[in-house]
Amino acid sequence: MDIYVGNLAYATTEEELQGLFSQYGAVAEARVVKDRVTGRSKGFGFVEMPNADEAKAAIEAINGIEFGGRPLRVNESRPREERPIRRARPENGTSW
């Protein structure tokens, strides 16, 4: 089960995230989402737990606790929404 973890402290590492969830069962992967340009954390991440019962127990236990000085928002992740394709803006400042 893929789990969304929101309101992460920007200094949170993937190892810390994995350690937090591994208290409730096996963790296949923990990742902190980072900005492509700066490499800085965006303040959220995802944890993959292969056992659904363990994942649900982790969600119940961790949602709302303070971690890194911030209360976490934890829930089962939803499929990513498709975004409309954006056209590039003209570089010379003219309008469309």
Side-chain angles (χ1 to χ4, degrees):
M1 174 183 289
D2 204 24
I3 302 168
Y4 167 83
V5 186
N7 205 30
L8 285 173
Y10 293 115
T12 302
T13 65
E14 291 176 344
E15 292 78 19
E16 291 170 330
L17 192 58
Q18 181 165 356
L20 177 64
F21 278 82
S22 66
Q23 298 173 49
Y24 301 94
V27 174
E29 180 183 21
R31 61 193 183 280
V32 174
V33 177
K34 297 181 180 174
D35 183 270
R36 290 182 198 163
V37 177
T38 65
R40 182 178 172 209
S41 168
K42 288 189 168 190
F44 69 96
F46 295 92
V47 175
E48 177 67 35
M49 295 183 76
N51 183 299
D53 291 332
E54 292 174 351
K56 288 176 185 175
I59 291 169
E60 288 293 319
I62 298 171
N63 187 40
I65 68 163
E66 192 168 301
F67 186 73
R70 301 178 78 170
L72 297 181
R73 279 186 302 146
V74 182
N75 54 48
E76 186 174 348
S77 67
R78 296 184 289 255
R80 188 173 183 170
E81 292 181 11
E82 290 295 320
R83 292 183 174 178
I85 297 173
R86 294 177 18 176
R87 293 175 29 193
R89 295 179 181 248
E91 291 188 27
N92 62 4
T94 61
S95 62
W96 297 97

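Everything numeric here is computed off the predicted structure, so don't read it as measured data. Just the heavy atoms: all of them, side chains too, but no hydrogens, waters or symmetry mates, feed the values below.
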Does anything in residues 53-62 pair up under side chain to side chain donor-acceptor pair (under 3.5 Å), and if so which pairs, sequence neighbours excluded? none

Minimum-distance pair of heavy atoms, taken over all atoms of [X] and [Y]:
X   : Y   : value
P71 : G64 : CB-O, 4.0 Å
L17 : R31 : CD2-O, 4.0 Å
A26 : P50 : O-CD, 3.4 Å
M49 : A58 : SD-CB, 3.9 Å

Checking side-chain contact (heavy atoms from CB on, under 4.5 Å) for the pair F67/V5: CA distance, chi angles, key distance, verdict? CA-CA 11 Å; F67 186 73; V5 186; over 6 Å; no

Is there side-chain contact between F21 and E48, with heavy atoms separated by less than 4.5 Å? no

Linked, directly or transitively: [X] and [Y] (ILVMFWY side chains, under 4.5 Å):
X   : Y   : answer
V47 : V33 : no
Y10 : L8  : no
F44 : I62 : no
V74 : M1  : yes

Side-chain donor-acceptor contact under 3.5 Å, R73 with N7: no

Go through the steps to decide whether R70 and T12 satisfy the test side-chain contact (heavy atoms from CB on, under 4.5 Å), and finish with yes or no. CA-CA 11 Å; R70 301 178 78 170; T12 302; over 6 Å; no

